[in-house]
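Below is one structure, written out as structure tokens, with a few remarks after it.
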Amino acid sequence: AQKITQTQPGMFVQEKEAVTLDCTYDTSDPSYGLFWYKQPSSGEMIFLIYQGSYDQQNATEGRYSLNFQKARKSANLVISASQLGDSAMYFCAMREGIGGATNKLIFGTGTLLAVQP
Amino acid sequence: DGGITQSPKYLFRKEGQNVTLSCEQNLNHDAMYWYRQDPGQGLRLIYYSQIVNDFQKGDIAEGYSVSREKKESFPLTVTSAQKNPTAFYLCASSIRENTGELFFGEGSRLTVL
């Protein structure tokens with residue numbers, strides 16, 4: 001069965017420093033997609049970045065990059081130059097299969113990131 | 001602007017009452033989803049729908065019901081059979097193609113008194 005594990009309940013980082021949020025996954029499907037979402041205190045889920053299992057390059061979106069290590073089944077999120085507005089809950093998620101009729105995602109338990117001035 | 005609208009944002013209910021959460025999208029997405037979020041836990045899938053008049057149970061469907069009479073709308077009813085309904089509920093939608101990114105509403109917080 002597919003599973004997402006985020007082992008860091010909470011983390012602190014100094015403003016302007018980089019931080020890595022860990023995510024490991026388990027699936028027997030060779031085709032899958034990995035996602036990171038940000039949830040501020042207001043509650044909405046904001047999509048950050050996506051990595052497909054067949055993508056050769058690590059995904060990047062502005063200050064966000066995904067450190068994809070397929071053999072280790074890890075998909076860590078790296079946030080460079082942290083800002084106070086990055087303080088939020090961060091969720092890793094996975095979808096088995098690519099291009100299917102539905103996009104059911106399973107989510108990890110999240111990591112609460114606090115950026116300190 | 002295109003997006004997903006959930007209402008109400010906050011809802012209080014007495015035990016034994018059914019309550020319906022609204023979810024409307026104008027993104028022209030085919031698929032819609034309902035997730036439940038509890039403190040310290042990730043999101044868990046309640047129900048999802050690929051097309052109008054069709055929906056499937058997710059991982060925690062017991063005590064919930066849905067309908068999909070229109071492409072734009074996917075209301076969730078929390079019934080009195082749901083043993084622990086106090087939670088944050090998130091509605092999402094997606095298109096079939098592309099990466100499969102989910103677009104979320106702002107959520108509805110249900111408290112049972």
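In what follows, every chain begins at residue 1, and chains take the letters A, B, ... in the order their sequences are listed. Computed from a predicted model, the values in this text were never measured in an experiment.
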Check your understanding: Should the heavy atoms of other residues, nucleotides or ligands under 6.0 Å from NZ of A/Lys3 be counted, would the total exceed 12?
Key -> no
**Study point:** Hphob cluster co-occupancy, B/Met32 + A/Ile106, side-chain heavy atoms under 4.5 angstrom
**Key:** no
Point to revise | Linked, directly or transitively: A/Met11 and A/Val115 (ILVMFWY side chains, under 4.5 Å) | key: yes
Exercise for review: Could you look at B/Leu43 and say if it's the side chain, the backbone, both or neither that has a heavy atom under 4.5 Å from chain A?
Suggested key: both
**Study point:** Worked check of ring pair (Phe, Tyr, Trp, His ring centres under 6.0 Å) between A/Phe47 and B/Phe104
**Key:** CA-CA 9 Å; A/Phe47 167 73; B/Phe104 284 88; over 10 Å; no
Exercise for review: Kindly work out whether a path of hydrophobic side-chain contacts (I/L/V/M/F/W/Y, heavy atoms less than 4.5 Å apart) joins A/Trp36 to A/Val13.
Suggested key: yes
Review point. Would you call B/Tyr35 and A/Leu105 a side-chain contact if the rule is heavy atoms closer than 4.5 Å?
Key: yes
Point to revise | Spacing of A/Met45 atom CE and B/Leu102 atom CG [to the nearest 0.5 Å] | key: 8.5 Å
Point to revise | Inter- and intrachain pairs under disulfide bond (SG atoms under 2.5 Å apart), touching residues 62-91 of chain B, at least two apart | key: B/Cys23-B/Cys91
Exercise for review: Side chain from CB out, backbone as N, CA, C, O: work out which of these in A/Gln39 comes under 4.5 Å of a heavy atom of chain B, or both, or neither.
Suggested key: side chain
Review point. In terms of hydrophobic clusters joined by side-chain contacts under 4.5 Å, are A/Ile79 and A/Leu84 together?
Key: yes
Check your understanding: Measuring heavy-atom distances to chain A, does B/Gln37 have an atom under 4.5 Å in its side chain, in its backbone, in both, or in neither?
Key -> side chain
Review point. Once you round to the nearest 0.5 Å, how far does CZ of B/Arg44 lie from CZ of A/Phe107?
Key: 13.0 Å
**Study point:** Cluster overlap A/Val78 with A/Leu34, hydrophobic side-chain contacts below 4.5 Å
**Key:** no
Point to revise | Between A/Gly110, A/Cys92, A/Gly108, the one whose heavy-atom pairs under 4.5 Å with chain B are most numerous | key: A/Gly108
Point to revise | Nearest-0.5 Å distance that lies between atom NZ in A/Lys104 and atom OH in B/Tyr48 | key: 3.5 Å
Point to revise | Neighbourhood of chain A inside residues 59-85 of chain B, taking heavy atoms under 4.5 Å as contact | key: none
**Study point:** Spatial distance of atom CD1 (A/Ile49) from atom CD (B/Glu101) [nearest 0.5 Å]
**Key:** 12.0 Å
Review point. With a cut-off of 6.0 Å (strictly less than), are more than 12 heavy atoms of other residues, nucleotides or ligands near CD of B/Glu106?
Key: no
